Amino acid sequence: MTFNPFEDSFQGLGDKATSGAKTLQDVLEWLQCDECPLNRVTRRTYSQAVRKAARLIGRTPDRIPASKAQFQSMFPNRDYARSWGKTFCAAKRWKRNVSAAINGATGIIAAQKERRARRDDWATLLAVLQEIAEKERSSPFEIHPKQLICVQSCADTARKLDVRITDIDRDLALCLYRAAPTKAAKDAVVEALCLIDQSRAMTDRRVESILPAQPIDFVRPERVEQVAIPAPLMQELETWVDLASWGRWSITDNAFMGGVSPTPYLNAAKKILTTAERADSLKLAELFTIASAFDERVLVAVIQFLRDLYKNNGAGAITPRTARGYFECLIPLLERNGEDTSSVRMILKTDSWLKAGRRSRTEMSPHVRSFCRNVVTDMNARIRFLSLHIQLRKKAILHLEAAQMTTGREAERHLEKARRFGTCAAFAALETDAIPARVSSVLMTTFRGSAAWLSLGHRKADDGRITIPPAFVKNRKPIFATISATSRLRGLETLRWYEKVIRPLYGDLQDNVHFFPAVQKQGRPLPYATFKSWWSDCAAECGFPGLNPHMFRHGQASILVAENPGNWSLVAARLGDTEAVCRDNYAWIDHEKLVLAGQQELTKELPSAA
């Protein structure tokens with residue numbers, strides 16, 4: 001998007017005078033015309049939402065294209081600002097209203113209604129399935145009413161392509177899958193095609209006449225970028241990684257000392273190998289050693305391929321920051337295995353795309369910086385951020401109460417939701433009232449046995465404490481933190497509630513010493529992937545979409561820097577990082593405060609405005 005100061009228009013947002021496309025002004029006019037099928041209250045609500053969108057964008061409605069995709073890119077679901085709505089739910093309602101108004105004015109809703117009103121074989125299938133779903137007595141073919149949603153979605157995609165059920169085979173099923181606009185729509189296509197195959201068990205003649213001649217047997221296609229590394233090469237690679245991560249041999253301790261995690265080396269090498277295969281610069285099945293995979297010719301092809309993927313937003317694309325991290329990991333991996341690294345160093349020094357990654361590796365991403373600025377400048381956002389565990393706990397309590405008022409699968413669903421929100425509440429309480437430790441360390445926390453990391457105290461007035469051994473800390477320094485019983489954030493109260501109410505929902509895990517136990521595996525901690533998926537959903541429902549667990553560190557550090565300018569030792573102690581690292585990440589807050597102080601100094605002797 002570029003700004004032309006002479007024309008005062010954003011090129012890329014669209015312009016009614018040049019493109020002829022509909023604008024938000026056309027949406028407002030449609031909401032006022034007689035052809036609009038909406039009632040008076042809905043029209044007024046949608047009109048207010050559209051005008052608010054124009055104000056936030058900063059342009060008149062006739063200069064903003066009526067594009068749902070562009071609107072959602074300006075106000076993405078992963079972000080939230082108070083100007084969008086007083087609460088996160090209010091902001092979501094506003095965005096839904098604007099999107100609905102755009103869809104109505106541009107004819108998308110009318111076209112969708114026309115497709116749903118068609119009397120074709122899809123309508124016949126839906127009618128028969130509706131009858132079966134409403135039957136109270138058992139039958140050989142049972143269907144839940146909610147399964148009709150996937151068939152309706154698949155039918156809409158098929159009607160766009162004029163695809164009949166009778167004509168569907170594996171190739172046409174793949175076309176339907178690829179034509180589905182969203183991941184949810186693709187999932188619906190898979191479920192609907194499976195249901196069509198299952199409906200062969202029915203004896204209804206209406207369905208028998210519209211089914212394909214052969215079962216579809218559709219299988220979801222695998223991701224294109226998945227490349228298998230042959231077992232011999234994988235064994236050699238693991239040997240290389242071990243040699244690179246062991247550290248130095250101590251003749252007194254008779255062991256390797258100062259080793260590092262092998263995971264970054266392994267991930268970097270695997271990415272280079274699989275990308276080289278995708279770029280057709282080598283064939284992994286024909287290699288006798290992985291050493292040839294790191295030749296200059298191959299590395300150049302890998303960089304060019306990754307750069308093209310990034311520019312074209314292709315499958316498996318990664319950012320320049322991530323790519324630079326992979327290539328930086330190659331240097332110690334190759335050096336410690338006796339290989340030449342001159343080509344890797346030259347690429348890192350000269351490639352412009354990787355240079356952009358170097359700058360971004362020392363800076364916060366725009367999304368994280370926006371979040372940090374928000375919690376620094378907006379007291380309401382700061383309070384909601386620091387008391388997030390209380391909001392999560394309230395959500396869990398609501399689901400526990402709902403579980404007591406229901407039975408069967410509905411009660412189980414509420415209990416599972418309560419477990420999710422309660423676990424996230426305990427994690428947030430540790431991050432705010434103890435120390436913002438890394439997720440992997442927190443999930444390994446033990447609270448039983450003589451060497452327990454976490455103690456919640458025995459009496460109400462007792463403080464809690466958490467100790468993380470150096471082996472589980474990135475900088476290999478132990479963490480000691482007190483959880484105050486008198487904290488105004490009441491984190492210790494949430495932790496004790498979690499232990500008493502939520503943790504028993506994990507089942508009979510009395511022998512599991514971890515504070516956050518795994519759902520199924522006995523004696524294991526909760527996996528990171530499971531917790532991350534829980535956290536993303538729960539944080540969004542509490543008004544923090546896009547808040548990942550690591551942002552607890554960024555948010556707290558930003559608040560400390562803003563309130564204690566220049567006191568880098570305080571921030572370093574809180575995060576467990578060096579002062580240099582803290583300056584690299586949060587110096588921009590100090591800089592902005594200095595700029596503001598300079599502005600105040602310029603005008604301090606001027607008379608105040610009346």
Side-chain angles (χ1 to χ4, degrees), residues 87-89 92-93 129-153 184 187-188 190-192 194-195 198 387-430 443 447 456 490 493-512 514-545 549:
T87 64
F88 177 62
C89 292
K92 286 202 300 184
R93 285 196 300 271
L129 295 179
Q130 183 72 37
E131 292 177 7
I132 296 175
E134 292 175 352
K135 285 183 179 179
E136 296 184 358
R137 64 180 186 275
S138 60
S139 63
F141 182 82
E142 295 185 2
I143 181 173
H144 194 277
K146 289 185 177 181
Q147 289 181 268
L148 297 177
I149 299 175
C150 72
V151 181
Q152 290 171 347
S153 176
D187 293 339
V190 175
E191 294 177 18
C194 179
L195 193 61
Q198 294 175 5
S387 62
L388 180 57
H389 68 91
I390 297 177
Q391 303 172 56
L392 292 165
R393 176 179 170 181
K394 288 181 178 178
K395 293 274 189 180
I397 292 175
L398 288 176
H399 282 290
L400 288 172
E401 292 174 350
Q404 293 178 349
M405 299 178 352
T406 56
T407 58
R409 294 177 59 182
E410 190 70 14
E412 292 177 1
R413 188 180 67 84
H414 282 296
L415 288 176
E416 199 274 335
K417 285 279 190 180
R419 183 173 61 188
R420 293 188 178 196
F421 278 103
T423 300
C424 292
F427 173 84
L430 280 174
L443 295 180
F447 77 118
L456 301 180
R490 296 158 43 198
E493 178 183 326
T494 295
L495 292 171
R496 289 169 175 169
W497 165 83
Y498 164 82
E499 180 188 6
K500 179 181 178 181
V501 178
I502 299 299
R503 196 176 182 279
L505 298 179
Y506 281 88
D508 187 17
L509 298 176
Q510 296 301 318
D511 295 332
N512 196 323
H514 295 95
F515 194 59
F516 298 102
V519 178
Q520 296 178 343
K521 294 184 179 179
Q522 295 288 334
R524 299 293 300 166
L526 185 67
Y528 173 81
T530 302
F531 172 78
K532 183 65 169 59
S533 65
W534 292 1
W535 177 265
S536 298
D537 295 338
C538 295
E541 286 199 36
C542 290
F544 286 96

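This one's a predicted model, so the numbers in the text were calculated from it and none came from an experiment. Counting begins at 1 with the first residue of the sequence. Excluded from the calculations below are hydrogen atoms, water molecules and symmetry mates; all remaining heavy atoms, backbone and side chain alike, are included.
- Residues Lys395 and Cys538 have side chains not in contact (no heavy-atom distance under 4.5 Å, counting atoms from C-beta outward).
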What verdict does the side-chain contact (heavy atoms from CB on, under 4.5 Å) test give for Trp497 and Ile397, after you've listed the backbone C-alpha separation in whole Å, the side-chain angles of each residue and the deciding distance to 0.1 Å? CA-CA 10 Å; Trp497 165 83; Ile397 292 175; 4.0 Å; yes
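- Heavy atoms only, all atoms of each residue included: Leu148 and Gln130 are closest at CD1-OE1, 2.8 Å.
- When the ring pair (Phe, Tyr, Trp, His ring centres under 6.0 Å) test is applied to His414, the partners found at least two apart in sequence or on another chain are His399.
- Partners of Glu493 under the salt bridge (Lys or Arg N to Asp or Glu O under 4.0 Å) rule, at least two apart in sequence or in another chain, are Arg393, Arg490.
- Scanning all heavy atoms of the two residues, the minimum distance from Leu505 to Ala418 falls at CD1-CB, 4.4 Å.
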Check: residues 400-411 side-chain donor-acceptor pairs under 3.5 Å, at least two apart:
{"from": "Thr406", "atom 1": "OG1", "to": "Ala402", "atom 2": "O", "distance (Å)": "3.0"}
{"from": "Glu410", "atom 1": "OE2", "to": "Arg413", "atom 2": "NH2", "distance (Å)": "2.9"}

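- Note: Ser536 OG to Trp534 CH2 = 13.0 Å, rounded to the nearest 0.5 Å.
- Summarising the geometry, atom CG belonging to Leu388 is positioned 10.5 Å from atom CZ belonging to Phe427; distances are rounded to the nearest 0.5 Å.
- The side-chain hydrogen bond (donor to acceptor under 3.5 Å, both in side chains) test applied to Asp187 returns Lys183, Arg220, not counting sequence neighbours.
- Sorted by first and then second residue, the pairs that involve residues 417-428 and meet side-chain hydrogen bond (donor to acceptor under 3.5 Å, both in side chains), not counting sequence neighbours, are Glu416-Arg420, Thr423-Tyr506.
- In terms of the ring pair (Phe, Tyr, Trp, His ring centres under 6.0 Å) criterion, residue partners of Phe515 (sequence neighbours excluded) are, by chain and number, Phe447, Tyr498.
- For the residue pair Ala425 and Thr494, the shortest heavy atom distance occurs at O-CG2, 3.8 Å.
- Nearest heavy atom pair, residue Val519 against residue Leu526, reads CG2-CD1, 4.2 Å.
- Under the 3.5 Å distance criterion, the side-chain polar atoms of Asn512 are left unmatched by any main-chain donor or acceptor of Pro525.
- The structure places CZ of Phe516 at 14.0 Å from OH of Tyr528, a figure rounded to the nearest 0.5 Å.
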